[in-house]
Amino acid sequence: MPVNEDEYIRWLDEKRKEHLRRLSPSIPLEPIYPLGVIPIHKYLAIRAVENPNKTALIYYGTRIIYKELNDLSNKFANYLINELKIPKGSGVGIVLPNCPDFYITYYGALKAGNIAILYSVMYRELEFRHLIKISKPKVIVVADNLYQIIKKVVDEVDPSIKLICASELDYLPQNPELPINEQMRRGRIKCDGATDLMDILKSTDIPSDDPLIDHPERDVNINDPAVMLFTSGTTGLPKAVVHRHFGILYKQVSAYTYGPYDYLIPVGKEFDYKEFLNDLMKNEVRLVVLPIYWVAGKDFGLDSLPVIGYTAVPLARYDPEAILLAIDKYRVTSTYLTFDMYIEIMNHPRITEINRESLRFAAGSSFITRLNKDLRRRFKSLFPNAILYEAGYGMTETHTYDIINLGMQLEDLDLTLREKYGSLAVGPPLPGSYVKILDIDTGELLPPGKPGVIWIKTPSLVDGYLDRPEETARDFKNGWFNTGDYGLVDENGYLHFIQRIKDMIKVSGVSVSPALIEEELRQLAPEIKEIAVIGVKDPETGEAPIAFITLKDEFKGRITEKEILERCKGKMAKHHIPKRIIILDQLPKSPAGKVMKEELKKIWEKSS
């Protein structure tokens with residue numbers, strides 16, 4: 001076993017190699033860069049030449065080919081450089097849902113050498129005011145239905161910020177091929193005082209017919225800053241982080257090289273892996289539902305588009321019926337949802353009406369419902385050619401996707417290990433990335449099998465938090481980042497993410513994972529639909545776990561708190577058994593679908 005950090009890193013490299021070699025000697029030990037080490041917007045330019053007429057986007061029936069997407073993003077870049085005179089390295093804000101306008105302005109900002117600042121459309125005045133103050137954009141592309149909010153904030157914070165109005169309706173066809181949200185049936189809202197994006201794209205000239213020529217692109221280096229995202233970090237108000245072009249590309253090529261191809265590769269045999277990937281992705285169609293302004297959705301459905309060269313089907317709003325019909329109509333091969341969304345889709349009355357055989361990869365995130373073997377089997381029965389898997393582990397500071405998926409789904413290895421360790425995600429770190437586990441109290445490097453705080457080192461790690469020197473000094477040390485997560489590395493070199501440290505419960509001096517309690521209760525009480533466990537102060541044990549649950553419809557009123565607690569006795573460790581189990585009609589959730597544990601604490605305080 002490794003005894004110091006240098007030995008530990010060598011040991012991790014060897015364990016990763018063993019993992020890949022068990023699958024096949026043909027799997028590369030370093031990620032494959034399909035078109036070289038260049039910024040992703042240059043990938044777009046090359047795709048536009050190599051395969052100009054291939055469909056890049058399908059938006060409710062509107063089709064945009066790669067040449068058109070490249071030309072339109074060139075136009076926007078040209079406008080930023082020549083009309084607005086936005087200096088290289090300045091911020092270009094984007095406040096849009098998933099729609100063609102987002103792709104065009106995002107790639108145009110990168111081509112102009114600017115930093116694309118991605119704001120959530122779920123924010124409102126207070127959040128926008130804080131984030132615009134710290135991010136300091138020179139221009140903001142804003143959705144028409146949010147224009148008045150953004151204009152008010154900009155007038156207060158910095159009236160010199162230029163506003164460009166866009167809309168999820170701009171590329172919506174007159175007769176959409178998929179169901180649209182009721183809010184999308186409105187007319188386009190007028191944005192007085194703003195420039196219209198569609199006017200820019202119609203009027204601005206492209207200086208050259210060859211998209212590979214640098215103009216309108218500035219001289220953009222692979223190590224230049226590219227994108228600003230916002231993270232809550234471990235505590236406090238959202239913090240801004242800036243990712244470089246190389247870090248974004250590194251995550252894309254890693255996801256491309258080490259995807260969940262477990263049941264498609266000839267395990268144990270030699271084969272041409274590059275040819276395998278080329279053939280696999282030749283007809284890739286991705287249904288993009290999670291917002292692409294979030295890092296996970298951005299990885300899956302925005303940055304990966306030109307790197308792989310697939311067709312993206314973005315949805316502006318979540319709609320189970322639209323998802324099912326899109327899978328059928330466009331022969332979707334991959335998508336990424338939360339597991340709660342997958343359950344809603346599997347329960348949809350129209351699921352048996354559609355052809356589901358095209359879907360191969362179904363990535364998910366455990367926001368409330370967690371992936372387990374029963375859910376995977378049920379999904380397989382409905383989508384016979386698809387694998388349902390946890391998308392991975394990561395965070396905004398690392399541009400997420402920090403562990404390898406390849407090889408973890410064979411014979412449910414991932415879920416078997418998760419059950420053993422009570423973890424939410426498991427896998428070896430990516431090539432070039434490393435994790436270490438430190439003792440929470442002493443900071444001592446812990447050996448494999450011992451849980452503690454996860455630190456990570458990766459080429460995609462940001463330099464720190466923008467204008468937050470104290471928090472940067474605390475969480476970023478010698479190339480390593482303190483994730484604030486609780487986990488371990490097992491004897492195979494697999495990282496296990498167990499819980500956020502701030503959510504850990506100290507019961508009689510023993511650190512207890514709410515996630516583990518939640519999983520144990522699910523096993524003991526299958527009547528539970530949703531569950532969230534929090535820690536509260538307790539005069540006897542210091543802290544105690546409190547479980548909040550909702551029940552499946554058929555069990556409402558038929559099971560009590562007392563009955564569930566009786567099942568826990570003798571089946572769960574004493575310090576794992578909740579002090580109370582509170583049954584609610586629904587759990588409080590954020591717009592992103594995550595359980596709001598602070599609200600649960602308020603409910604507990606009122607009830608106690």
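Please read all numbers here as calculations on a predicted model, not as lab measurements.
- Side-chain contact of Ser365 with Glu390: a donor-acceptor pair under 3.5 Å is absent, judged by distance alone.
- Side-chain contact annotation: Asp485 with Gln499, donor-acceptor N/O pair under 3.5 Å absent.
- The side-chain tip of Arg16 points at the ring of Tyr434 from less than 6.0 angstrom away and within 45° of straight on.
- Inspection of the Tyr60 and Glu168 side chains reveals no N or O donor paired with an N or O acceptor under 3.5 Å.
- When only modelled atom types and interatomic distance are considered, Lys111 and Asn70 share a side-chain donor-acceptor pair under 3.5 Å.
- Taking the six-membered ring where the residue is Trp, the centroids of Tyr421 and His496 are separated by under 6.0 Å.
- Scanning all heavy atoms of the two residues, the minimum distance from Val253 to Val307 falls at CG1-CG1, 4.3 Å.
- Inspection of the Ser334 and Glu284 side chains reveals an N or O donor paired with an N or O acceptor under 3.5 Å.
- Residues satisfying the side-chain contact (heavy atoms from CB on, under 4.5 Å) test with Leu264, not counting sequence neighbours, are Phe276, Leu280, Phe361.
- Using a 3.5 Å distance cut-off with no hydrogens or angles, the side chains of Thr231 and Tyr465 do not pair a donor with an acceptor.
- Remark: the Thr400 side chain and the Tyr393 side chain contain no N/O donor-acceptor pair separated by less than 3.5 Å.
- Listed by chain and residue number, nothing satisfies the side chain to side chain donor-acceptor pair (under 3.5 Å) test with Lys274 (two or more places apart in sequence, or in another chain).
- For the residue pair Thr483/Arg500, the side-chain donor-acceptor check at 3.5 Å is not satisfied.
- Checked by atom type, the side-chain pair Glu177/Tyr330 shows a donor-acceptor distance below 3.5 Å.
- Taking the six-membered ring for Trp and the full ring otherwise, the centers of His19 and Tyr494 sit less than 6.0 Å from each other.
- Donor-acceptor pairing under 3.5 Å is lacking for the side chains of Thr416 and Asp412.
- Side chain to side chain, Tyr106 and Ser73 fail the donor-acceptor criterion of an N or O pair below 3.5 Å.
- Note: His399 and His243 have perpendicular aromatic rings, judged against thresholds of 30 and 60 degrees for the angle between ring planes.
- Side-chain atoms of Ser26 and Glu270 include no donor-acceptor pair closer than 3.5 Å.
- The aromatic rings of Phe339 and Tyr342 lie tilted to each other, with the angle between the two planes from 30° to 60°.
- Here the CG atom belonging to Leu44 is positioned 8.0 Å from the CG atom belonging to Asn74, to the nearest 0.5 angstrom.
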Walk me through whether Phe481 and Thr458 qualify under side chain to side chain contact (heavy atoms under 4.5 Å, CB included). CA-CA 9 Å; Phe481 173 65; Thr458 174; over 6 Å; no
